[in-house]
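Following: one structure in structure tokens, then a few remarks.
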Amino acid sequence: MDYVVGDGHNEFLQSSSGLAAIIRIFGVTKEGHSVCCFVHGFEPYFYANCPSGMGPDDIFRLHQILEGKMKETNNNYKAPKCIRRIELVQKRSIMYYQQETSQPFLKIVVALPTMVASCRGILDRGIQIDGLGIKSFMTYESNINFSLRFMIDCNIVGGNWIEVPRGKYNKISRSLSNCQLEFYCLFSDLISHAPEGEFSTMAPYRILSFDIECAGRKGHFPDPSHDPVIQIANVVTLLGEGQPFVRNVMTLKSCSSIADVDVMSFDTEKEVLLTWRDLVREVDPDIIIGYNICKFDMPYLIERADVLGIAEFPMLGRIRNSRVSIKDTTFSSRQHGTRESKEVTMEGRVQFDLLQAIQRDYKLSSYSLNSVSAHFLNEQKEDVHHSIISDLHNGNSETRKRLAVYCLKDAYLPQRLLDKLMFIYNYVEMARVTGVPLSFLLSRGQSIKVMSQLLRKAKQKNLILPNVKQAGSEQGTFEGATVLEARTGFYEKPIATLDFASLYPSIMMAYNLCYSTLVNPEDARKLNLPPECVNKTPTGETFVRSNLQKGILPEILEELLAARRRAKADLKEAKDPLERAVLDGRQLALKISANSVYGFTGATVGQLPCLEISSSVTSYGRQMIEHTKRLVEDKFTVLGGYEHNAEVIYGDTDSVMVQFGVSSVDAAMKLGREAADYISSTFINPIKLEFEKVYYPYLLISKKRYAGLYWTNPQKFDKMETKGIETVRRDNCLLVKNMVTECLNKILIERDIPAAVQYVKNTISDLLRNRMDLSLLVITKALTKTRDSYKVKAAHVELAERMRKRDAATAPNVGDRVAYVIVKAETNAKAYERSEDPIFVLENNNPIDHKYYLENQISKPLMRIFEPILKNANKELFQGSHMMSKNNCTPNIGIAKLFGKQLSCIGCKTPISNSDHTLCSQCKGREAELYCKSIANVAELEELFGRVWTQCQECQGSLLQDVLCTSRDCPIFYRRKKVQKDMEQAKQELDRWNF
DNA sequence: ACTCTCTAACGC
DNA sequence: GCGTGCGTTAGAGAGT
């Protein structure tokens, strides 16, 4: 949905004069026909407070003055009127509890949506009214996107089915769009169908997934002013169908045919681009997807066409003769600083970038398409270096076919991810629940979703939302949740966990916390409320109880949670996989929405912050967790008739971990249920403490860091759960993650501590003997800002800078995660001087700093795990023969340089004179034995290399072609490179026998 | 050798 | 015009 400014249609609006906003709704019918609907008659407006005693004459004068001021700022606006009218309406502000149900407000209706902001500015600054002096007006709902305003007022949500009744729409005399159906109508004739029953089905969206390849130059990131677009691959799918119905690729220069793919080759880039434009118009997709299309492919195509002077290319939207525009946007937030990016808007089509979606919804250690596909689809793709892409393009039709297959895979994988992760179902359900359009979910933040729900609910209650001026950040912050002191240790008795269900939403409901129930301290005396009608929160705020007036935040929350219970119940019944997808997406959206209401009220830089609410919520929460701890420890005692004294060993925000002292899981569960029921009864509705699970055994390392076996039934544990420790953190290398995971397995599941110790010793020995796969040593960290904005030097930041100097095209950018290893250097060199790109290390054979990995990566996490379990853990793990390193395996580069190409004895590795070639005097006589060993060594490595190579060929989908992949994310890649190096070395050694 | 600050990532 | 919240741990650089 969007809007344009045009002539209002006179058939509908006799009174309309001049320009007006026309809403355009794009969509698809049940039968799959694309639709463009021009909606007339909806006018932009907002509210302002009405000073008491303001009569019709004053309003007339205000209108005149405003109109005059508006003309000054909108002098290019030709129509006679900017302010259409000012109405006196009865409304109430959502802020603060008030006894009056309503009071007069001014509803100011303007001609165009952009005039809302300029008119608000005039009223904010204040205007001169005869006899009254300069008056400033508080405005209400003056910062709402016009399309969203329309949706709210017409009860339309994102992903909605809309009906336009027979006779209420008219054909357009001159076609304006490329849609199959187009018409115009009046906004009040639209019928919005709530997404229930037959209208909860998904529309049959047409989805285009594409990927482009460019011929970049070495050392440069592809630049549309130099580098041509050489291939574009496309896959088109109908939502809900398993297989795409279009697969094609457009190539510059000839390309051999590919099975089941329509290959189109052209002599000029212009033909490639225009053929793609024609495809987009012919397929007419509702949704365009791809990987990083918003920041790369889409702007690249538009800019490239501009450089080539192809003016007809950017007509990709659903409006006839309208060009797609490219906008420079700056995105700034306190957390992320200012980031510049390009934005391409395409009329009538939603762009859904899988990279953005996955970055929002999943925490991964790498977001490359390769790594994401491996993670979710269990399938790898080749990572071909951009310089090789140019070589393939400049080869022949077979090498270009090679590239086309690669490009097609990059177009198909986003579609596979979209299906696998149910993005359309989950996002459409989120749009339906929160009421915002689908496009907002990727392009906007969390707060717009709460805002949309709040505005809708407020409208039903005749309430309006004020536009509060940004108070600035000095308003500061407020106290959050309590984290109970952690009694660290290894617990070999079951630990029961009690949790408050949806704690913050329940608190807001139970205590009726809302903008509209908060008592303004200035009004308290005047209101004179009896104590049984109010609650005083632990922070000292007063809110009226629901018997006096129900808050709308609690009402929104009740509806969200009730709807979630319904969705979960329906999900249990549902059999059809598509229906299940819809319902599961819905219950998830409802849960997320309920939880973000609290965050919205506490967002000091948000649209309607109210710290009285958020700080009250957390203060009740703190009180409740303390109360729970006290109650458990007071009631479950030997004195109270129980076998043991219960101890709360830990708790965070809404949970307490209790050791009841019993030794069976079953007994702990029974006590857990009893405690939950007993404590719940001491709270008011709907606050409920639930027994959730038992941990047994349980290793508590510190606050927010623990591991344990998770039991929900007394027969068998469900899983091992780890929180906060290295296994779940993304900033540790795989070696550390694997070691910690393996040790926890041995300790918690197998209950075999000596085996865990032996495992650690073996692994350390492997590390020190250089038998560790490089992929296990790669550390990744996010590059969150530009280098200059870092106040201290950090390993990943400095490496990113060095990589940028080497090759700007492949260097990490802000927002990317940087992969690095730590290499040996001079003593006392800082870690940031020793970080290096793993691929660079492979190619240049840099020595790994094993000591760093041992002392700075492995030792502390392991000590934290073993210390509660093992006395003398440090001695047991880090002393003994396994700590001996074999330095001769990795000759120090510095020494090698000093001695030149000094040969060493094949048998014992002692240096020998170059005239001896093979063996030292000591080993002379073992020629036969050692020669055989050399041959065997080469043979073994060749076989190993062959196996790894085949694995990579399988991954790239062809056993007949060279492997080109250089993926930093793929363990096989590192192994292949390492084996290749070892093999070459072994061959050189073998050659020395043949002099 | 110690503390303080910055940065990143997590739990809830 | 846009941006949910706070609490905690831990590594590493920087300063004392």
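Only heavy atoms go into these numbers, but all of them, side chains included; no hydrogens, no water, no symmetry mates. In what follows, chains carry the letters A, B, and so on, assigned in the order in which the sequence lines appear, proteins first and then strands, with residues in each chain numbered from 1.
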Checklist outcome for this item: Whichever of A:Glu485 and A:Ser596 has the more 5' nearest nucleotide on DNA chain C, that residue is A:Ser596

Looking at the side chain of [X], which of [options] is the nearest nucleotide?
X: A:Lys704; options: B:dG11, C:dG1, B:dA8; value: B:dG11
X: A:Glu479; options: C:dG7, C:dG1, C:dT4; value: C:dG7
X: A:Ser447; options: B:dA8, C:dG3, C:dC6; value: C:dG3
X: A:Lys703; options: C:dT9, C:dC6, B:dA8; value: C:dT9
X: A:Gln446; options: B:dA8, C:dT4, C:dA12; value: C:dT4
X: A:Tyr832; options: B:dA8, C:dG13, C:dG5; value: C:dG13
X: A:Arg817; options: C:dG7, B:dA9, B:dT7; value: B:dA9
X: A:Arg120; options: B:dC12, C:dG1, C:dG3; value: C:dG1
X: A:Tyr598; options: C:dG5, B:dA9, C:dA10; value: C:dG5
X: A:Val605; options: B:dA8, B:dC12, C:dG3; value: C:dG3

Distance check needed: [N] [atom2] versus [X] [atom1], whole Å only.
X: A:Arg705; N: C:dT9; atom1: CZ; atom2: C1'; result: 5 Å
X: A:Glu726; N: C:dA10; atom1: CD; atom2: C1'; result: 9 Å
X: A:Lys785; N: B:dC6; atom1: NZ; atom2: P; result: 10 Å
X: A:Arg622; N: C:dG7; atom1: CZ; atom2: P; result: 8 Å
X: A:Lys781; N: B:dC6; atom1: NZ; atom2: P; result: 17 Å
X: A:His796; N: B:dT7; atom1: NE2; atom2: P; result: 10 Å
X: A:Leu503; N: C:dC6; atom1: CG; atom2: P; result: 17 Å
X: A:Arg834; N: C:dA12; atom1: CZ; atom2: P; result: 9 Å

Nucleotide paired to [N] in any strand shown, Watson-Crick or G-U, under 3.5 Å:
N: B:dA8; result: C:dT9
N: C:dT4; result: none
N: C:dG15; result: B:dC2

Checklist entry - Just checking, is any N or O donor in the side chain of A:Thr517 or A:Asn512 under 3.5 Å from an acceptor N or O on the other one? => result no

Hey, does [X] reach any base, or is it just sugar-phosphate, or nothing, if we go heavy atoms under 4.0 Å?
X: A:Ala794; value: nothing
X: A:Asn856; value: sugar-phosphate
X: A:Val597; value: nothing
X: A:Tyr852; value: sugar-phosphate
X: A:Arg730; value: sugar-phosphate
X: A:Gly599; value: base
X: A:Tyr706; value: sugar-phosphate

Checklist entry - Taking all atoms of both residues into account, what is the closest heavy-atom pair of A:Val116 and A:Val110, and its distance? => result CG2-CG2, 3.8 Å

Checklist entry - Between A:His375 and A:Tyr362, does the ring centroid distance fall short of 6.0 Å? => result no

Is any side-chain N or O of [X] closer than 4.0 Å to OP1 or OP2 of [N]?
X: A:Arg729; N: B:dG11; answer: no
X: A:Lys860; N: C:dT9; answer: no
X: A:Thr784; N: B:dA8; answer: yes

Item to check | Carboxylate-amine/guanidinium contact A:Arg432 A:Glu429, below 4.0 Å | outcome: yes

Item to check | SB check A:Lys629 A:Glu626 (cutoff 4.0 Å) | outcome: no

Next on the checklist: Would you call the rings of A:Tyr698 and A:Tyr491 parallel, tilted or perpendicular, taking 30° and 60° as the class edges?
Outcome noted: tilted

Item to check | Plane angle bin for A:Phe600 and A:Tyr515 - parallel if under 30°, tilted between 30 and 60°, otherwise perpendicular | outcome: perpendicular

